[in-house]
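Whatever order the structure lists them in is the order used to number ligands and atoms, beginning at 1.
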Amino acid sequence: MRYSGFQVLKQALSGHKGWGRAWRDPEPQSQYDIVIVGGGGHGLATAYYLARSFAKARVAVIEKGWIGGGNVGRNTTIIRSNYLLDGNEPFYEYSMKLWEGLEQDFNFNAMVSQRGVLNLCHTDAQRDAFRRRANGMRLNGVDAELLDAEGVRKMAPFLNFGSARFPIKGGLLQPRGGTVRHDAVAWGYARGADSRGVDIIQNCEVVGFRIENGICLGVETTRGYIAAAKVGVAVAGSSGAVMAKAGMRLPIESHVLQAFVSEGLKPIIPGVITYGAGHFYVSQSDKGGLVFGGDIDGYNSYAQRGNLPVVEDVCEGGMSLMPMIGRAKLLRMWGGIMDMSMDGSPIIDKTDIGGLYFNGGWCYGGFKATPASGMCFAHLLATDTPHPTATAYRFDRFRKGLVIDEKGMGAQPNLH
Ligand SMILES: Cc1cc2nc3c(=O)[nH]c(=O)nc-3n(C[C@H](O)[C@H](O)[C@H](O)COP(=O)(O)OP(=O)(O)OC[C@H]3O[C@@H](n4cnc5c(N)ncnc54)[C@H](O)[C@@H]3O)c2cc1C
């Protein structure tokens, strides 16, 4: 069934009893052409683009929990393409372009809202760095504007302009950046993939890989063995644990990242605002809640919950940037598991095991990458060659010293 305004009116006349299921609940088959492990945003997008744009293959997505239960339904929904380095910028801009046509493409309302992403700067050196990044973006054909303090004040007069310690000197604005309703992205891709014949199998954990003579023949799951000509792993925060089952050790650590939502308030935050003197960022959801977050917890963990020192740190950042936030009540908070890579950039590549492919290392910026990640992983699985925008995301970049260290932090996953 196609979703449309007409369909809403039609269904309203019959008490909304005619809506079909958004996706089926199929039994796993014994064999597929391609199995995607992980039903998060990246796994579902991969299946969708495989079915829509590439092979006429029999594809299954194997998810240990439920669709939307991982980071795709836990993130703070920010999309942007304001990167500096060549390995990253074309990829993230490609993702932005896919976001811009996504809702029409998969016929689902994902509430794509390009309200702008504003990074604040508080020192002259930071302003110079932003100018450089803005120039890099423009050279790649991406929208970027430098604002002075007055320009920032016009957009967000409620910020703390009187701070002697961290004066707001201006900001880097990407007007096309913004937010997208995160779990609707998972649902939209799931529905689109299912309608094109992909089997989405929930409550089915991959517990091992059957590998013979260096070739992956399929996956062992809690619902039995499933054979596959190709297996693509896209399990985000569980990357290290899952790939260990294939005998691989990854340049990735898992850390917790927390998110926070306040009670609903009248519209006040124009887009996404990030603080440059501490790690704090904030936007406002359509329901009115302030959605904010900051640093990862900084220790290795597979728990989907965080600890109080980071709660305090994030709230301090919020109070320093916009003291009025102290009047708002915190409504809820949660954590997700981040697959932090050694250079802060992702991996979309074949492994040394025949028929086994990997997608991960998204750190805490993988939501905005979802459409391009899915398209590039589908391209790799279907053609065995990397997509032109993802040629840098190879495993061997760590061996060859070709790291894409956007933040210049070195091999410090907890700082990327
Ligand atoms: C609090 C928070 C805020 C964030 N904010 C942003 C943001 O504003 N912007 C942005 O771009 N990014 C953000 N991110 C990062 C982004 O959410 C992730 O990088 C991205 O969602 C990861 O890809 P995914 O959607 O495929 O992951 P997931 O949704 O986690 O999907 C992986 C799936 O694999 C499944 N799985 C794991 N092991 C197995 C197994 N053995 N068998 C079968 N299935 C398995 C999991 O159950 C899970 O559903 C944030 C993350 C968090 C936690």
Side-chain angles (χ1 to χ4, degrees), residues 28 35-47 60-83 92 95-96 99 117 177-180 182-183 185-186 189-190 200-209 219-223 226 231-246 254-261 272 274 281-283 291-297 302-306 310 314 333-341 344 346 359-374 377:
V35 160
I36 311 289
V37 185
H42 294 226
L44 292 166
T46 304
V61 176
I62 312 288
E63 165 55 47
K64 84 170 171 191
W66 68 96
I67 297 306
N71 290 340
V72 69
R74 291 169 180 265
N75 63 70
T76 38
T77 76
I78 300 167
I79 61 164
R80 57 186 173 87
S81 59
N82 55 1
Y83 283 73
Y92 284 101
S95 209
M96 186 60 85
W99 281 120
V117 172
T179 56
V180 182
H182 49 14
D183 36 20
V185 174
Y189 275 125
I200 298 171
I201 299 157
Q202 301 178 74
N203 299 310
C204 181
E205 181 173 354
V206 169
V207 291
F209 297 88
V219 289
E220 307 284 356
T221 79
T222 46
R223 291 168 71 176
I226 302 174
V231 175
V233 175
V235 292
S238 303
S239 292
V242 170
M243 294 308 279
K245 297 179 200 303
S254 289
H255 288 256
V256 187
L257 179 68
Q258 303 189 58
F260 308 82
V261 177
V272 179
T274 73
Y281 59 91
V282 62
S283 64
V291 180
F292 55 96
D295 266 323
I296 55 177
D297 275 38
Y302 284 109
Q304 286 181 317
R305 61 177 184 276
V310 166
V314 170
M333 55 199 262
W334 62 87
I337 315 165
M338 320 312 316
D339 38 335
M340 305 298 293
S341 69
N359 172 320
W362 293 101
C363 302
Y364 43 64
F367 177 64
K368 69 176 104 65
T370 305
S373 166
F377 203 32

| Test of proximity, Gly336 against ligand 1: N or O pairs below 3.5 Å | no
| said: According to side-chain contact (heavy atoms from CB on, under 4.5 Å), who are the partners of Ser254, at least two apart in sequence or on a separate chain? | reply: Tyr302, Ile337
| remark: heavy-atom search around atom 16 (C) of ligand 1 in the protein gives Phe367 N, 3.4 Å
| task | Give the atoms of ligand 1, by number and element, whose distance to some non-hydrogen atom of Trp362 is under 4.0 Å. | result | 19 (O)
| message | To the closest 0.5 Å, what do you measure between CG (Asn71) and CE (Met338)? | response | 4.5 Å
| Main-chain N/O of Ala241 paired to Ser238 side chain as donor or acceptor, under 3.5 Å | no
| What protein heavy atom sits nearest atom 34 (O) of ligand 1, and how far off is it? | Gly38 CA, 3.4 Å
| query | For Cys204 and ligand 1, does the shortest N/O to N/O distance drop below 3.5 Å? | reply | no
| task | Starting from atom 44 (N) of ligand 1, find the nearest protein heavy-atom neighbour and note its residue, name and distance. | result | Lys64 N, 3.1 Å
| query | Does the pair Trp99 and Phe367 meet the rule for a ring pair (Phe, Tyr, Trp, His ring centres under 6.0 Å), with working shown? | reply | CA-CA 11 Å; Trp99 281 120; Phe367 177 64; 5.3 Å; yes
| Within the structure, does Gly41 bring an N/O atom to less than 3.5 angstrom of an N/O atom in ligand 1? | yes
| Got a donor-acceptor contact below 3.5 angstrom from the Asp339 side chain to the Trp362 backbone? | yes
| query | With a 4.0 Å cut-off on heavy atoms, is Gly365 touching ligand 1? | reply | yes
| message | Just so I know, are the side chains of Val242 and Phe209 near enough to count as touching, which here means a heavy-atom distance under 4.5 Å? | response | yes
| message | Checking a contact table here: which protein heavy atom is nearest atom 5 (N) of ligand 1, and how many Å away? | response | Thr76 OG1, 2.8 Å
| request: Identify, for atom 21 (O) of ligand 1, the protein heavy atom at the shortest distance, and state residue, atom and that distance. | output: Asn71 CB, 3.4 Å
| For ligand 1, is there an N or O atom under 3.5 Å from any N or O atom of Gly366? | yes
| message | Using side-chain heavy atoms (C-beta onward) and a distance below 4.5 Å, is Thr370 in contact with Val185? | response | yes
| atom 4 (C) of ligand 1 - nearest protein heavy atom and its distance | Asn75 CB, 3.2 Å
| task | Could you see which bit of Thr77 sits under 4.0 Å from ligand 1, with heavy atoms only: side chain, backbone, both or neither? | result | backbone
| request: Side-chain contact test, heavy atoms from C-beta onward, threshold under 4.5 Å: evaluate it for Val272 versus Thr179 and give yes or no. | output: yes
| Is there a heavy atom in Ala186 that sits closer than 4.0 Å to ligand 1? | no
| Winner among Glu205, His42, Arg74, Glu63 once heavy atoms are compared against atom 46 (C) of ligand 1 | Glu63
| note | Taking only non-hydrogen atoms of Ala259 and a 4.0 Å limit, the atoms of ligand 1 in range are 1 (C)
| Which heavy atom of the protein is the closest neighbour of atom 52 (C) of ligand 1, given with residue, atom name and distance? | Leu257 CD2, 3.7 Å
| field | Over 12 foreign heavy atoms within 6.0 Å of CH2, Trp66 | value | no
| query | For ligand 1, which atoms have a heavy atom of Lys368 less than 4.0 angstrom away? | reply | 10 (C), 11 (O)
| Purely on distance, is any nitrogen or oxygen of Tyr364 under 3.5 Å from one on ligand 1? | yes
| Between Glu63 and Gly65, is there a donor-acceptor pair closer than 3.5 Å when you use the side chain of the first and the backbone of the second? | yes
| Ligand-residue contact atoms, ligand 1 with Ser238, heavy atoms, under 4.0 Å | 37 (C), 38 (N)
| query | Judged by atom type as modelled, is there a donor-acceptor pair below 3.5 Å linking the side chain of Thr46 to the main-chain atoms of His42? | reply | yes
| field | Note, Val231 side chain near Val37 side chain (heavy atom, < 4.5 Å) | value | yes
| message | Under a 4.0 angstrom heavy-atom cut-off, which atoms of ligand 1 come close to Val242? | response | 38 (N), 41 (N)
| field | Numbered atoms of ligand 1 (with element) below 4.0 Å of Cys363, judged on heavy atoms | value | 19 (O)
| Does ligand 1 have an atom that lies less than 4.0 angstrom from a heavy atom of Met338? | yes
| Does a side-chain heavy-atom distance below 4.5 Å link Ile200 with Leu44? | yes
| remark: So the atoms of ligand 1 within less than 4.0 Å of a heavy atom of Ala236 turn out to be 22 (C), 23 (O), 27 (O), 30 (O)
| Backbone N or O of Gly69 within a donor-acceptor pair of the Arg74 side chain at under 3.5 Å? | yes
| field | Backbone of Ile67 reached by a side-chain donor or acceptor of Gln202 within 3.5 Å | value | yes
| request: For Ile62, take its heavy atoms, then give the atoms of ligand 1 lying under 4.0 Å from any of them. | output: 43 (C), 44 (N)
| remark: protein heavy-atom neighbour closest to atom 42 (N) of ligand 1 works out as Val206 N, 2.9 Å
